[in-house]
Amino acid sequence: MGGLAFPGWYSMNLKAFQGRYAGLVSLGKTVGILLLVINLAAAFVLERYRIARTAIEVGKLEDEVKQLHKNRAYLESKILDLESLDHLGSIASERFSLKPPHPEQIVWLSDSDFASIRSSIARRAIERLDFLYANLNIPGLGVTSAVAKERAAR
């Protein structure tokens, strides 16, 4: 029972098979190896094609980025031109018939005047906001209600 025992005619037929079809087995191995090489070559070519296509797409995107940078620079220069004092002056004179002020029309203010103007502007803005939001019931003002209760308790 050390191994499988085959009848004698089987081993003879196996030798006969190997002798008769040895060329086919060799041809099968050759075809198999050839198919493997063809598949590897096809995979290599397809990968190179994908790389080339990706490189073309990257080139197109880089060109698009360059064009967008040029457009941005153009638009920024256009904005600077539209914001320039010369352009604003020409619009003021052409559309609204405004003229540059005469020297006697100019009022010069000191730094102390600016402080009073700033505080009055801020005070008026706060008063306006106070008026606008006076009738709104805003939830989450627990601090003011707590303060009111403390004062009521005193």
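Numbers here simply count residues along the sequence, with the first being 1. Computed from a predicted model, the values in this text were never measured in an experiment.
Taken to the nearest 0.5 Å, the OG atom of S90 stands 11.0 Å off from the CG atom of L85. I33 CD1 to I38 CD1: the interatomic distance, rounded to the nearest 0.5 Å, is 12.0 Å. In this structure, CD1 in I106 is found 9.0 Å from CD in E104, a value given to the nearest 0.5 Å. How far CD of E76 is from CG of D81: 13.5 Å, rounded to the nearest 0.5 Å. Rounding to the nearest 0.5 Å gives a distance of 13.0 Å between NZ of K78 and CD of E83. For the atom pair Y74 OH and I79 CD1, the distance stands at 11.0 Å (nearest 0.5 Å).
Proximity of a side-chain donor or acceptor of E94 to a complementary backbone N or O of I91 within less than 3.5 Å is not detected.
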Tabulate below the donor-acceptor pairs under 3.5 Å that side-chain atoms of residues 60-71 make, not counting sequence neighbours, or state none.
residue : atom : partner : partner atom : Å
Q67     : NE2  : N71     : OD1          : 3.3

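Taking every heavy atom of both residues into account, L82 and L88 meet most closely at O-CD2, 3.8 Å.
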